[in-house]
Amino acid sequence: MSQDNQALVLACGELKLEKRPVPELCPGDVLLKMGFVGICNADVHFWSEGKFADMVVKKPLVLGHEAAGTVVKVSCGVNHLKAGDKVTIEPIVPRENDEYVRIGRYNLSPTCFQAGFPPDDGAMCRFYVHKANYCYKLPECVCLEEGALVEPLCVALHACQRGRVKVGQKVFICGAGPIGLLTLLVCKAIGVTLIVVCDMCQERLDKAKCLGATIILKVDKCTCPMELAQKVKNSLCAMPDICLECTSSDTCIQAGVYAVKPGGIVVLVGMGLATANVPVTNATVREVDIRGSYRYTNTWHTAIALMASKKVDVKPLITHRFGLDQAQDGFECVKKGAGIKVLLNCEAQCPSMCPPPCPPPCPPPCPPPCPQPCPPPCPPPCPPQCGQQQSQCGQQRQCPQHSFF
Amino acid sequence: MSENLSLVVHGPGDIKLEKRPIPEPCPGEVLLKIHSVGICGSDVHYWQHGRIGDFIVKKPMVLGHEAAGTVHKLGEGVEHLKVGDRVSIEPGVPRENCEFSKIGRYNLSPTIFFCATPPDDGTLCRYYVHNASYCFKLPECVSYEEGAMIEPLSVGIHACRRGGVHMGQKVLIFGAGTIGLMNLLVAKSMGASPIVVVDMVQERLDMAKCMGASCVCKMEKNTCPREMASKVKTALCGMPDVTIECTGAEQCVQSGIYATKSGGVLVLIGLGNTNTTAPLIAVTTRELDVRGIFRYCNTWPTAINMLASQMVDVKPMITHRFPLDQAIEAFELVKKGTALKVIVQCEEPEKKEDPQANALEQCQQQCQQLLQQCQQQCQQMQKDQKEHCGRIGGGRS
């Protein structure tokens with residue numbers, strides 16, 4: 001490779017660009033020149049706290065799992081992709097053909113490779129190798145920036161599938177962050193006509209309204225769950241069939257259970273709270289199902305089709321772009337809660353080589369945003385525990401002779 | 001007809017045996033002579049607390065909803081039953097064809113009639129009227145007592161259906177009371193294996209083993225949920241596909257979340273605290289489905305088939321029987337928690353020999369006979385006198 005690989009490495013709570021060798025290709029792999037990688041809430045948690053849910057950063061790690069790039073080289077046996085193809089990556093790749101993989105629920109396989117989650121390196125780098133079967137070609141009409149949003153769109157899509165969202169239903173979405181808004185877009189694409197969205201931030205709620213939410217409800221830390229549920233019912237003149245809970249807050253989980261109709265479903269999409277106070281008696285006597293939703297399975301093709309057909313337009317969600325060398329600013333931005341989706345441009349910063357960003361969409365007529373600012377962000381948490389010194393990456397990828405995946 | 005002796009709850013701690021009028025069946029209804037009624041934990045709860053959640057005893061209410069009896073009188077238009085038919089009662093009868101009824105989930109209908117849920121009267125009485133469509137004829141080979149057990153059996157059927165239990169699955173059941181055991185029987189009949197049952201009481205675990213549990217695990221008050229999950233995994237040589245939680249205890253709900261295999265189902269039947277602290281992150285990241293159960297729908301015909309074909313044997317669960325006039329003692333026993341299923345026999349007992357009553361009756365009969373004799377003699381005397389007077393005064397006229 002004529003160009004060096006630079007990777008954004010998280011070590012001891014700090015993000016640094018490091019020179020790393022361009023990875024070698026194993027059978028079944030493709031080498032990608034990374035285009036855009038989105039910064040996820042999980043990435044910010046790894047950076048600021050050294051952990052997210054039960055995943056802990058124990059050694060230097062390259063983050064990034066919401067990614068799109070261009071194929072540079074394919075290994076032998078790869079027939080569906082060629083150099084120059086624009087692709088988006090599915091970051092979880094099963095390592096073994098276990099019982100979950102065999103029933104098609106590979107998202108539950110405990111030994112999966114998970115790009116950007118400890119201990120597996122992700123795609124916030126210039127050159128990245130991934131299994132070809134988990135790289136999906138983007139059609140001409142979908143740009144690399146949009147390609148970076150396919151992964152969170154898949155989270156939303158999978159959640160709607162888990163909730164069995166159907167045309168004509170009434171849906172309550174908790175949270176108007178990237179996942180909440182993408183969930184809103186998927187629901188609309190499915191044909192849901194009445195959607196209520198709640199959030200603490202007025203700007204995000206205004207965005208939700210622009211993107212097609214029927215009703216928006218502002219909540220705050222003191223909102224009583226039963227009161228919120230009642231507001232939802234009043235606004236819909238009915239109880240919602242489904243609640244897609246994207247905040248992982250106690251208040252919203254409880255409100256979701258109280259709000260949905262008997263026989264309804266609450267889908268837990270948000271991850272964050274280890275334990276929560278759940279109104280189980282209410283859920284039991286009204287046969288309200290509570291279903292966890294974790295990542296996705298077999299959603300990439302659908303997500304790309306939704307984007308290509310313009311049934312889902314993710315461009316309004318892209319609010320900030322930073323070069324890989326300004327990644328820290330990008331992370332700060334996400335941590336503050338500013339904007340919606342922040343992308344890192346992973347291409348080498350040579351003006352002639354930078355792909356033009358997607359043209360900004362024509363702003364639809366939105367109501368003026370509320371003059372009140374968003375609530376102040378949480379104070380930065382304690383620095384992570386890692387005491388390791390920064391070290392050069394000496395990782396070797398394990399190359400099986402034959403890759404099933 | 002004699003009066004309708006009924007067990008009535010008035011308020012917390014207040015139940016009485018009372019005589020009530022015998023009701024008349026309206027069109028579409030039948031009057032039943034109740035034979036056997038099982039006592040449920042909810043009946044005891046209404047007695048002790050006067051309420052369950054938002055259902056509050058505001059006026060006197062007859063208890064009992066696990067019942068079987070005999071058709072005594074038909075209301076107008078009832079054609080599928082006749083007098084003398086032996087039936088089991090489905091206590092939940094929807095009052096309107098609401099959106100839930102229309103999709104077949106009538107158990108969720110908010111205006112449903114339900115025996116012994118305030119304000120609807122139950123079946124712990126001699127005579128009871130019910131919607132004929134919700135009375136199911138029992139075949140000869142199914143006894144009245146088994147008919148009364150169809151109600152708790154239905155909870156098991158509904159739970160296993162909602163849980164998607166099917167053959168070859170590993171199942172975990174928390175609680176070896178009546179509901180836990182019914183779930184065990186149903187899961188077994190659906191082909192699940194192995195099935196592990198967890199309880200705190202050894203006798204109940206022994207019963208579970210007798211009734212077909214592959215293995216049993218004893219849980220203590222301080223057993224950590226993760227530890228319980230690990231024990232279950234060892235017992236089943238794997239994690240259960242479906243967990244059925246029948247206790248309502250927080251410890252069991254948490255254990256169920258840790259124990260159930262990824263992508264599996266946790267069925268919640270037991271009602272405990274309003275809120276429970278739950279490790280929801282595990283529900284999310286392992287895509288568990290947590291499904292609540294409220295009563296049942298469309299289970300009676302299945303339950304009757306299962307009993308008639310002897311696919312399940314519920315008789316061992318019946319440990320005590322009391323006549324209706326000793327119903328309060330029956331409730332005291334259930335409250336103690338040592339019995340499994342207690343049945344109340346509601347048919348009026350046959351009249352016993354009462355010497356005093358007999359003597360009185362005999363006396364009355366004798367008096368009647370004497371009176372008749374006197375009257376006959378009187379008439380004869382009058383006749384004789386007439387004839388005599390006729391002969392004497394014959395020439396007068």
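Owing to the predicted nature of the structure, the values given are computational and were not obtained by experimental measurement.
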Heavy-atom distance under 4.5 Å to chain A: side chain of L268(B), backbone, both or neither?
-> both

I would like to know whether Y46(B) and F55(B) meet ring pair (Phe, Tyr, Trp, His ring centres under 6.0 Å); could you show each step before the answer?
-> CA-CA 9 Å; Y46(B) 279 121; F55(B) 293 109; 7.6 Å; no

Considering only heavy atoms, which portion of I269(B) lies under 4.5 Å from any heavy atom of chain A: side chain, backbone, both, or neither?
-> backbone

Choice from E250(B), R295(B), R105(B) maximising heavy atom contacts with chain A below 4.5 Å | R105(B)

May I ask you to check if R295(A) and F117(A) form a cation-pi contact, with NZ or CZ under 6.0 angstrom from the six-membered ring centre and within 45° of the axis?
-> yes

Identify which part of I103(A) has an atom lying under 4.5 Å from any heavy atom of chain B, answering side chain, backbone, both or neither.
-> neither

Identify which of T275(A), N282(A), V280(A), V278(A) forms the greatest number of heavy-atom pairs closer than 4.5 Å to chain B.
-> V278(A)

Test the R286(B)-Y294(A) pair against the cation-pi criterion, namely NZ or CZ under 6.0 angstrom from the six-membered ring centroid and within 45° of the ring axis.
-> no

E90(A) and Y296(A): CA distance, side-chain angles, deciding distance, side-chain hydrogen bond (donor to acceptor under 3.5 Å, both in side chains) verdict | CA-CA 9 Å; E90(A) 181 171 5; Y296(A) 26 72; over 6 Å; no

Salt-bridged, D289(B) to R291(A), with N to O below 4.0 Å?
-> yes

Could you tell me which portion of A283(A) (side chain, backbone, both or neither) has an atom closer than 4.5 angstrom to a non-hydrogen atom of chain B?
-> backbone

Under 4.5 Å from a heavy atom of chain B, the part of V288(A) involved = backbone

Is a salt bridge present between K170(B) and D241(B), judged by a nitrogen-to-oxygen distance below 4.0 Å?
-> no

Taking atom types as modelled, find out whether T243(B) and E245(B) have a side-chain donor-acceptor pair closer than 3.5 angstrom.
-> no

Where on R291(B) is there a heavy atom nearer than 4.5 Å to chain A: the side chain, the backbone, both, or neither?
-> both

Quick one: of V257(A), N107(A), V266(A), who has the most non-hydrogen atom pairs under 4.5 Å with chain B?
-> N107(A)

Test item: side-chain donor near acceptor, E90(B) and H65(B), under 3.5 Å | no

So which of V253(B), V283(B), I293(B), L266(B) has the biggest tally of heavy-atom pairs under 4.5 Å with chain A?
-> I293(B)

Bottom line for Q254(B): the part with an atom under 4.5 Å from chain A's heavy atoms is neither

Which atoms of R105(A) approach chain B - backbone, side chain, both or neither, heavy atom under 4.5 Å = side chain

